[in-house]
Amino acid sequence: MKPAPFDYVRAHSVDEAVRTLAEADGDGKILAGGQSLMPVLALRMARPRVLVDVNRIPGLATITPTGSDVRLGALVRHARLVEQPHHPLLAEAARWIGHTAIRSRGTSGGSIAHADPSAELPVVAAALEATVHIAGPGGTRAETATSFFAGPLETTLAEDEMITAVDLPVPSRWGFAEFSRRHGDFGLVLVVAAEVAGRWRLAIGGVGGVPLRPAEAEQLLNDGAEVDAVAAAAAAETQPQSDIHASADYRRAMTAEFVRRALASHGKRAAA
């Protein structure tokens, strides 16, 4: 199937992009890497009147260390995340994203905006309490990842707004563990553990509509509890749904196991 007809606009600035989105009156879509959007268009599950291509906007494809954070421009491709030395956790997570072609075209801003709760970057952003920078017709705003993800494939991004960058703290220690049927598939369960400013954070993907921050498990971890107790608490805080890929009980059991694995790996993964 081919996409429904649409107008194509190549934006040369953020202002031009958001102005074009506003003029589309809710019937426009941002085109960056296209790894999520194009299949949806091809199946005609979405029929935007206007596609706004942001790939030629300068300044959106940079990776910039900013003190204790790293700022990712919205157009940074996943393949660059794998290679960059500034944020080891991001590099490891990006290795699990899709396959070579997807990593070559997919962008950090696109993955955050798509908000798939089984995707790597939203879970990393949730664990690190990343800051999402957003531009719209009324100016710019910033929002934490925790509040930005509103539900399955839903965010607080308005129809005339676009992501310009994401700030992610660099953890002093971290662990990452993902379980999927094949490398490159979305994770059935994925776990990020990150120590930031002396406090451990956990985020779990694949077990709900948004990346889960298991509050009780995090508290146990910071109180020095045994790993098995932390893993059991994390699993108990999930409310996964059964689907064709795995039952809810299976995902809950894998949550406990992959929390253990993420925490077991952190000793080898201290930031330089």
Side-chain angles (χ1 to χ4, degrees), residues 11 13-22 24 26 28-33 36-37 52 54 57 59-76 78 81 86-87 89-90 93-94 97 106-171 174 190 192 194 196-197 199 201-215 218:
S13 69
V14 171
D15 286 347
E16 182 184 3
V18 297
R19 184 171 64 249
T20 305
L21 286 174
K29 288 287 186 185
I30 292 287
L31 173 63
S36 302
L37 178 61
V52 185
V54 298
I57 296 178
L60 295 185
T62 56
I63 302 174
T64 310
T66 57
S68 59
D69 294 358
V70 167
R71 174 165 292 185
L72 293 183
L75 286 178
V76 172
H78 303 321
L81 292 181
H86 308 294
H87 203 298
L89 169 55
L90 271 177
I97 297 175
T107 64
S108 54
S111 180
I112 297 295
H114 190 55
D116 190 314
S118 298
E120 290 79 5
L121 293 190
V123 181
V124 171
L128 296 177
E129 297 178 1
T131 299
V132 183
H133 295 275
I134 298 164
T140 60
R141 64 183 179 94
E143 188 166 355
T144 66
T146 304
S147 61
F148 182 73
F149 299 123
L153 310 181
E154 293 183 10
T155 71
T156 61
L157 199 65
E159 292 172 334
D160 54 4
E161 291 182 322
M162 63 173 285
I163 294 173
T164 57
V166 182
D167 290 343
L168 299 113
V170 180
W174 56 273
L190 59 154
V192 173
V196 178
R199 296 284 296 176
R201 304 166 179 173
L202 292 171
I204 305 167
V207 294
V210 298
L212 172 69
R213 290 285 302 276
E218 282 189 352

Mind running side-chain contact (heavy atoms from CB on, under 4.5 Å) on L153 and D116 for me, showing each step along the way?
CA-CA 5 Å; L153 310 181; D116 190 314; 4.0 Å; yes
Can you tell me how far apart [atom1] ([X]) and [atom2] ([Y]) are? Round to the nearest 0.5 Å.
X: I63; Y: L90; atom1: CD1; atom2: CG; value: 8.5 Å
X: I97; Y: S111; atom1: CD1; atom2: OG; value: 5.5 Å
X: H114; Y: T107; atom1: NE2; atom2: OG1; value: 11.5 Å
X: H78; Y: L121; atom1: NE2; atom2: CG; value: 6.0 Å
X: F148; Y: I112; atom1: CZ; atom2: CD1; value: 7.5 Å
X: L72; Y: H87; atom1: CG; atom2: NE2; value: 7.5 Å

Residue pair [X] / [Y]: nearest heavy atoms and the distance that separates them:
X: A158; Y: E161; value: N-OE1, 2.9 Å
X: A17; Y: V54; value: CB-CG1, 4.1 Å
X: S118; Y: L190; value: O-CD2, 3.5 Å
X: I57; Y: S13; value: CD1-O, 3.4 Å
X: A119; Y: P122; value: O-CD, 3.5 Å
X: V210; Y: A150; value: CG1-C, 3.9 Å

Under the criterion side-chain contact (heavy atoms from CB on, under 4.5 Å), I'd like the reasoning laid out for V123 against I204: C-alpha separation, chi angles, the key distance, then a yes or no.
CA-CA 7 Å; V123 181; I204 305 167; 6.0 Å; no
Say whether, by atom type as modelled, one donor and one acceptor occur between the side chain of [X] and the main chain of [Y] under 3.5 angstrom.
X: T155; Y: L157; result: yes
X: E16; Y: A11; result: no
X: S108; Y: G73; result: yes

I30 vs V52, side-chain contact (heavy atoms from CB on, under 4.5 Å): CA-CA, chis, key distance, verdict
CA-CA 5 Å; I30 292 287; V52 185; 4.3 Å; yes
Does some side-chain heavy atom of [Y] sit less than 4.5 Å from a side-chain heavy atom of [X]?
X: V18; Y: M162; value: yes
X: V14; Y: T164; value: yes
X: D69; Y: T131; value: no
X: T140; Y: H133; value: no

Can you run down the salt bridge (Lys or Arg N to Asp or Glu O under 4.0 Å) pairs that involve residues 122-134, sequence neighbours left out, and say none if there aren't any?
E129-R201, E129-R213
Show your reasoning for whether side-chain contact (heavy atoms from CB on, under 4.5 Å) applies to E120 and L81.
CA-CA 12 Å; E120 290 79 5; L81 292 181; over 6 Å; no
